[in-house]
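Presented below is the structure to which this report refers.
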Amino acid sequence: MVGDAGAARKGRSHVSHDAGEDHRDLGRDLLHARDDGTASATLPALIASALPASELHPYRDHVDADELRAAAARARLVGVGVDEVLVASGALDDQTATRLLARDLGLSVATPNLASLPDNPAVAEAVLRTGTLVIGTGSGRPRFVMAARGRIVQRLRRALKRDAGLASRVELISPVALARRVGAACAPSFAAAATGRLVLADPFKSASTLRPGRIVGLAAAAIGLPLALLLALAPEMGLLAVQAALSLVFLAWIALRFAGCIFVPPEEPLPLLDARSLPVYSLLVPLYDEAASVPWLVAALSALDYPPEKLDIKLVVEADDHATRTAITALELPPHMAEVVVAPVGPRTKPKALEAALPFVRGSIVAIYDAEDLPEPDQLRRVVAAFRAGGQKVGCVQARLCIDNGGDSWISAQFAAEYAGQFDVLLPALSALGLPIPLGGTSNHFRRRVLDQVGGWDPYNVTEDADLGIRLARAGWQTRVISSTTFEEAPVTRRAWIGQRTRWLKGWAQTLLVHGRRPRALVRDLGPAGTIALMLLTAGPYAAALVHPLCLALLIADIVRGVAGLPCTRMAEVVTSALTYATLVTGYAGAAATMTVGLGRRGIRPGCWTVASIPFYWLLLSVAAWRAVIELIRRPYHWQKTEHGAARRGGGGGAQK
C-alpha cells in the first residue's frame, strides 16, 4: 500500500516502511525488543519483576504465554499497562481488549449508541479527557461508561473491590469506540466552539474582529492624504519621506538577519532514551485534499522513534473531503493513529480544524505536522529533552524546517535557500535572545496546558502559526528552537508559490494589525525590545516587498537618464540615492548572507544562479505583497491551499542549481 517514503538525504535517516505490512507481526517483534530497538539481554530479569498477575489474567486465554510475558516486560520498561502494550503491538485489537477486561472485572460492555452523550462541547471534551461518561439516573447514584486502559484499570479494579455494588453501575467501552461516538455526535459542536473560543475569550486578539477595509481606509485618510498633499507641493521631499520610512524598517530587519549570521547556536541536550519517563505525545496532522500524500505521511509518522504506547496521532480531515478519507480508510492504520473528522462549521481553515480536533488528543505535549512532512525520527525525544532543559517557562519548541526538493525548479531552489536563512539563522538567534518568534506552520510542539491557556489557534488568521507565536510571547511563554529537522516540500511552480506567499503575507498583516491595535498593551506584554522585534518581523517582509520595486525603479531611471553614479547637486538627491543604493545593496547582501550561512550549516553550497537571481525572486515577493493587500480587503479569511505531491523529494536542499 505504501512505497518507499523517500531516498536517504543529508541530515535525516532513511524512511522506508510498508504500511501494508502486518502490524500484528511488527508489534510482536516490538514486544521482544528494547525501546532503543536492540535485543534485550536482560529480558528474563524484566519478566521476573513484571506486573501483578491480576493485570495479566484477562488476556491469558487469548495471547500466547511467551508473548504475554514479553508484553509484561515491555509494560514495565515503558511505564504503561500491559493492555496498552498488547493493543499497540496489534496482539489484541481495541474492542477485544475491552471485552476481555470487562469479562475479567465482571462488567458489561456498553453499546456504541450512548444516548446520554451530551452535546455540550465542554462536557464532551471532559468525557474524552477522562475516558468516563457519567449518566444521571435520578436516584442519586449515577452510572458510568468508562474507556479504561493502563493504570486506570488497576484503580477501577480496586474501586470494584471496595464497593460491591459498583459493578452494576459501570460499563466498559473501548477508547476507539468512545472517541468515534463522541466525534459523530459532537463534531458540529466542537467546530462551533473552535470558531468562537478565542474571540469570546479575548476579542482583541482575534483576526475575526478586524475590519481590514476600514483600517486601510483610515490609514489612507490619516497618512495618504497628507502624503499626497506633500507629493503635490514638494514631490522630492514627499518621495524622500516615503522611502526613508520604509527603508528604515527594512534596513533594521536586514540588520537583524545579519546578527543571526554571526550567532552560534548553543549545545542542545541529548535526546531522552528512558522510555519510562517519556510523556504521552499527541500529533495533529491537518489534511485537506491530500489523498496522494496519505501513504507517504503514514510511513513517515510510523518511522518516529517513540514508544507507540505513548504516541497519539490524529489525522484531521474535513467531513466533505471524501478522497482523503477514502485514502485513510484504505490503509490499515496502526493502533496509535486515528482519523478525526471536522464538521463544516465556521471558516474552512487549518487553524479551525486544529482547534476542533484538540479535544480528541490525550498527550501532555501536542505537535503539528503537515501532510508532506518528514520529521527526523528522534525529533519527539529531542523536544522532550528541550522542554525539560528549558524549564517550566518554555511553552513551545520549534523544530527547524528544511526544503528537500530544492532541485526541482528555480522557485523551489530559492525557497530552500530562504528557509535555510529563516530556520537555521534567524529563528535560533531570536530564540537565544528571548524575542518573540513567529512560528513555522509545522513541527511546533506545545505543552497542552499552554495551548489551552493562550486560547489555541485563531481560526480567522491565515498564518495562525505566526499569530500563536506572538500570543505565547505576550502571555510570558518562551519558545525554543532546536536543531532537529523536518523536511518539507516547496512549491515547484511560480503560480503555486505566489498563492502560498500571498496567504502568508496576508496573515502577517493580520497578525500585525491584531497585535498592534492596542500598542500600550503590546508594549506592556512584550517590552520595548520584544515589540520592536515583532514590528520588524511582521512589517519587515512587507517593507522589503514594497521598497524593492521603488528602489529598483529609481536605479533603472538613473541608469536610463545616464546620471547613475554622478555627483548629486541637491541634498534630497543625495539622501534618496543613498537610501536607494543602501537598501538594494544591504537587502541583496543580507539575503545572500543568510542563505549562504543557513545552507552552509547544512553542508550545502548555494549556486551562483541562486544568489544572482535574488532580485527576480524579490520582484515576485512584491507581486505577492500587493495581492495580499488586495485580499486583505476583499476576502481576509480566504485560505488558499498549497498544493502538495508535485515535488521530487530527496533533493537535500537543492540550492546548488
Side-chain angles (χ1 to χ4, degrees), residues 5-6 9-13 15 257 260 265 268 283-286 293 296-297 300-301 303-304 350 354 367-380 382-383 386 396-408 411-431 437-446 463-469 479-492 496-497 500-501 503-504 507-508 537 541 591 594-595 597-604 606 642-644 647 649-655:
R9 48 180 59 82
K10 188 178 184 64
R12 73 177 289 272
S13 301
V15 176
R257 300 181 75 84
E268 296 177 6
L283 310 182
L284 287 176
V285 189
S293 300
W296 175 290
L297 170 68
L301 297 179
L304 289 170
K350 171 183 172 182
L354 291 173
I368 311 303
Y369 287 113
D370 284 341
E372 79 277 17
D373 286 354
L374 294 174
E376 288 182 321
D378 67 346
Q379 185 171 116
L380 305 188
R382 296 180 67 177
V383 168
C396 176
V397 173
Q398 170 73 66
R400 301 186 191 183
L401 306 183
C402 177
I403 299 302
D404 67 353
N405 67 311
D408 283 0
I411 198 72
S412 64
Q414 286 287 346
F415 197 112
E418 183 184 23
Y419 251 39
Q422 178 78 357
F423 288 95
D424 292 291
V425 175
L426 180 60
L427 293 192
L430 295 176
S431 173
I437 293 180
L439 300 174
T442 179
S443 299
N444 29 59
H445 306 249
F446 306 94
T463 53
E464 80 295 335
D465 42 2
D467 169 68
L468 182 52
T479 296
R480 291 285 183 265
V481 177
I482 61 173
S483 59
S484 179
T485 297
T486 296
F487 293 88
E488 281 208 312
E489 171 189 347
V492 297
W497 180 91
Q500 183 189 67
R501 194 54 57 97
R503 174 169 59 82
W504 288 6
W508 288 340
L537 292 169
T594 51
M595 75 164 55
V597 172
L599 290 172
R601 289 175 178 175
R602 293 193 172 274
I604 301 173
T642 303
E643 296 179 4
H644 299 134
R649 307 298 295 273

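Fair warning: this is a prediction, and the values are worked out from it, not measured in the lab.
- Taking all atoms of both residues into account, the shortest heavy-atom contact from Ser484 to Asp378 is OG-OD1, 4.5 Å.
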* Asked: So Val481 and Arg400, side chain to side chain contact (heavy atoms under 4.5 Å, CB included) or not? Walk me through it.
  -> CA-CA 7 Å; Val481 177; Arg400 301 186 191 183; 4.1 Å; yes
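- In this structure, the separation between CZ on Phe487 and CG on Asn405 is 12.0 Å, given to the nearest 0.5 Å.
- For the pair Leu297 and Asp370, the tightest heavy-atom approach, listed with the atom from each and the gap, is CD1-O, 3.9 Å.
- Looking at every heavy atom in both residues, Met595 comes nearest to Pro606 through SD-CB, 4.5 Å.
- In this structure, Glu488 and Phe423 have side chains that are not in contact, with every pair of non-hydrogen atoms separated by 4.5 Å or more.
- Rounding to the nearest 0.5 Å places CG of Leu301 at 12.5 Å from CH2 of Trp296.
- Between Pro286 and Tyr369, the shortest heavy-atom distance links the atoms CD-O, 3.2 Å.
- Residues Leu304 and Leu283 form a side-chain contact, since some pair of their non-hydrogen atoms from C-beta on lies under 4.5 Å apart.
- Formation of a donor-acceptor pair under 3.5 Å by the Arg480 side chain with backbone atoms of Cys396 is not found in this model.
- A 4.5 Å side-chain heavy-atom check between Glu489 and Ser293 finds every atom pair outside the cut-off.
- Inspection of the Arg601 and Ser483 side chains reveals no N or O donor paired with an N or O acceptor under 3.5 Å.
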* How far apart are the C-alpha atoms of Thr594 and Leu426, what are their side-chain angles, what is the distance that settles it, and do they pass the side chain to side chain contact (heavy atoms under 4.5 Å, CB included) test? -> CA-CA 8 Å; Thr594 51; Leu426 180 60; over 6 Å; no
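- Interatomic distance, CG of Asn444 versus CG of Leu468, reported as 7.5 Å (0.5 Å rounding).
- Within the 4.5 Å cutoff, no side-chain heavy atoms of Leu430 are placed close to those of Thr479.
- With contacts defined as side-chain heavy-atom distances shorter than 4.5 Å, the pair Ser431/Ile437 qualifies.
- Minimum interatomic distance between Pro491 and Ile411 (heavy atoms only, all atoms of both residues): O-CG2, 3.5 Å.
- Taken to the nearest 0.5 Å, the CD atom of Glu418 stands 8.5 Å off from the CD atom of Gln414.
- Glu464 places no side-chain N or O within 3.5 Å of a backbone atom of Lys350 that could act as its donor or acceptor partner.
- Using bins of under 30°, 30° to 60° and over 60° for the plane-to-plane angle, the ring pair Tyr419/Trp504 lands in the parallel bin.
- Atom CD of Gln379 sits about 8.5 Å away from atom CZ of Arg382, to the nearest 0.5 Å.
- Counting heavy atoms from C-beta on, the side chains of Trp508 and Leu537 never come closer than 4.5 Å.
- Here OG1 of Thr485 is found 12.0 Å from CG of Asp373. Values are rounded to the nearest 0.5 Å.
- The two atoms that bring Thr486 and Ser443 nearest to each other are OG1-OG, 2.6 Å, heavy atoms only.
- For Ser412 (side chain) and Ala490 (main-chain N/O), no donor-acceptor pair under 3.5 Å exists by modelled atom type.
- With hydrogens and angles disregarded, a donor-acceptor distance shorter than 3.5 Å links the side chain of Gln398 to the backbone of Thr442.
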